[in-house]
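Just the heavy atoms: all of them, side chains too, but no hydrogens, waters or symmetry mates, feed the values below.
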Amino acid sequence: MTARHPDADVVVCGSGVAGLAAANALGGLGLEVILLDKKRSQPPIAKGEVLQPGSLDILEGWDVLRLLEARGAVRINRLVAREPDGAELLAMDFGTLGGARPWMLSHYYTTILDCLGESLGRTVRWRRGVLVDDVVRDPGGRVTGVRTTEDGAAREIGARLVVAADGMSSRLRRLSGITAEPLAYDHRLLTFELPCAPPVPDEVSAYVTGRGLVMVYALPEGATRLYVQVAADELRGMGADRLREWVAGLVGQVPALGPLAPAMLDGLDRRQLLKVWRYVVPSLVRPGIALIGEAAHSVHPLAAQGMNTAIGDAHALAARLSGVDVEDGAAVDAALRGYEDGRMRRIGDVHAMSHNAARMMTSTSRGGRLLGRRLLHSTARSARLRYLTTYNMSGLGMRRLGTLDRLFQLGVLPDRRGAPSPAPE
């Protein structure tokens with residue numbers, strides 16, 4: 001099989017959020033897309049449930065937003081850091097940003113996938129149960145397709161562009177010669193799905209506690225998602241009685257969780273434990289292939305940036321390919337280099353922001369907690385810093401904080417460039 005007779009303009013490998021977003025974005029250009037996934041169905045998992053304002057604008061253009069809202073997606077107006085008793089430390093109100101959709105949306109990961117799948121255009125063919133074994137290259141080394149196994153039969157699928165959206169353990173990334181060095185955080189996140197409303201329904205509440213991060217937000221139909229930071233082996237070997245004692249101890253540490261305690265006890269057998277990673281690849285492209293989503297980067301879920309950055313990757317890749325003659329391999333590769341040049345800075349900024357927020361909110365040392373609270377209080381006192389922080393978290397763009405801004409946050413200097421506001425009691 002050669003690049004002169006491809007089966008499609010694009011082969012997208014992986015049909016998580018990144019792959020489905022790429023299929024929507026590239027199919028929207030009128031390109032013939034084959035979407036492959038080794039899984040025949042997506043198991044439920046507690047990840048990728050909060051969509052930022054910047055993603056909503058993109059999803060509206062793909063007609064996904066309408067589908068999500070029709071299925072009861074929940075609007076979330078604020079991201080608030082709180083003390084264990086619920087006292088407010090720092091509130092990021094998306095309403096201050098203006099725009100058409102100054103809010104986040106939450107929904108179950110599988111529902112988000114369903115809506116992305118339902119919005120695929122007529123030029124997209126989706127095939128499940130297909131394992132991608134290798135890439136196909138032309139004599140010059142450019143990727144021109146993939147080798148697959150489907151129902152026990154080997155096949156080559158030719159394409160003018162291959163998109164690797166096959167997740168953190170991406171085989172295509174490795175086959176392309178691009179390395180990744182995942183770093184695990186020293187904690188894990190225990191997650192519950194609770195059949196009751198959260199204490200504050202219209203916000204993501206992030207509690208800064210002695211055990212680290214505890215995060216709560218609303219899901220559709222009156223449900224709640226709860227994340228609790230735990231040590232890697234904290235729950236190892238615990239039976240039912242000890243787990244119930246653990247819940248009582250958690251509520252003692254974080255009194256704001258009191259209303260959720262009965263549902264937590266009832267849901268102990270349905271909990272999930274997630275390992276948390278971070279990494280950014282050194283390059284997003286090779287001739288004929290582009291990486292998006294977790295094939296290229298991963299961040300701590302605290303700032304809800306992973307899925308949203310993947311959606312932005314797909315949107316940015318399609319923007320670079322718009323108007324490009326995909327039959328011209330050199331033109332496609334030039335567009336890929338433009339995608340990498342324009343996207344790596346944004347990915348790096350999101351990675352740094354998410355990691356800094358994670359360090360501030362998850363530290364269990366006394367010094368780390370004191371520093372985190374100082375940063376939160378100083379940001380809360382400055383209307384300008386609150387706005388910048390909210391904007392950066394929104395996915396609408398990124399405005400880097402400078403050295404003076406960091407000194408303001410540390411409380412070393414007063415912020416005289418923006419109107420201050422009183423710190424919360």
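A parallel orientation is assigned to the rings of Y387 and Y391, their planes being inclined by less than 30° (bins at 30° and 60°). Under the 30°/60° scheme for interplanar angles, the aromatic rings of Y185 and H300 are found to stand perpendicular.
Heavy atoms from other residues, nucleotides or ligands lying under 6.0 Å from CZ of R127 number more than 12. No more than 12 heavy-atom neighbours from other residues, nucleotides or ligands sit within 6.0 angstrom of NE2 on H315.
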Yes or no on side chain to side chain donor-acceptor pair (under 3.5 Å) for D138 and T144, after CA distance, side-chain angles and deciding distance?
CA-CA 6 Å; D138 65 15; T144 58; 5.9 Å; no

Test L29 against D9 for side-chain contact (heavy atoms from CB on, under 4.5 Å), laying out the working first.
CA-CA 11 Å; L29 298 179; D9 296 316; over 6 Å; no

Steps toward side-chain contact (heavy atoms from CB on, under 4.5 Å) verdict (H351, R278)
CA-CA 8 Å; H351 185 268; R278 65 182 177 94; 3.7 Å; yes

Walk me through whether L161 and V326 qualify under side-chain contact (heavy atoms from CB on, under 4.5 Å).
CA-CA 8 Å; L161 171 64; V326 294; over 6 Å; no

Residue pair V132, D166: steps toward the side-chain contact (heavy atoms from CB on, under 4.5 Å) verdict:
CA-CA 10 Å; V132 176; D166 51 342; over 6 Å; no

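Within the structure, salt bridge (Lys or Arg N to Asp or Glu O under 4.0 Å) contacts touching residues 12-40 (residues at least two apart or in different chains) are R40-D151.
Residues S378 and R381 have side chains in contact (heavy-atom distance under 4.5 Å, counting atoms from C-beta outward). Between T390 and D93, the closest side-chain pair of non-hydrogen atoms is not below 4.5 Å. Using a 4.5 Å heavy-atom cutoff, the side chains of L235 and L190 are in contact. Looking at M361 and M215, their side chains never come closer than 4.5 Å, going by heavy atoms from C-beta outward.
A donor-acceptor pair under 3.5 Å is absent between the side-chain atoms of S176 and the main chain of I178, judged by distance alone. With hydrogens and angles disregarded, a donor-acceptor distance shorter than 3.5 Å links the side chain of R211 to the backbone of Q229. Looking only at distances, a side-chain donor or acceptor of D313 sits under 3.5 Å from a matching main-chain atom of G293. In terms of modelled atom types and a separation under 3.5 Å, the side chain of R147 and the main chain of D134 share no donor-acceptor contact. When atom types are taken as modelled, the side chain of T209 and the backbone of G212 share a donor-acceptor pair closer than 3.5 angstrom. With hydrogens and angles disregarded, no donor-acceptor distance shorter than 3.5 Å links the side chain of H297 to the backbone of T309. A distance-only check finds a donor-acceptor pair linking the side chain of E340 to the backbone of L284 [under 3.5 Å]. When atom types are taken as modelled, the side chain of S322 and the backbone of A318 share no donor-acceptor pair closer than 3.5 angstrom. N308 places no side-chain N or O within donor-acceptor distance of the main-chain N or O of G54, the cut-off being under 3.5 Å.
A salt bridge is absent between D7 and R125: the closest approach of a Lys/Arg side-chain nitrogen to an acidic carboxylate oxygen does not fall below 4.0 angstrom. A salt bridge is defined here as a Lys NZ or Arg NE, NH1 or NH2 lying under 4.0 Å from an Asp or Glu carboxylate O, and D133 with R171 meets this definition. Ionic pairing of R101 and D57 is present here: one or more N-O contacts between side-chain nitrogen and carboxylate oxygen are shorter than 4.0 angstrom.
For the salt bridge (charged side-chain N to carboxylate O under 4.0 Å, His left out) test with E193, the passing option among R271, R270, R225 is R225; the others fail.
Separation of atoms CG (N392) and CE (M353) is listed at 6.0 Å; rounding is to 0.5 Å.
Under the side chain to side chain donor-acceptor pair (under 3.5 Å) criterion, S363 pairs with S365, sequence neighbours left out.
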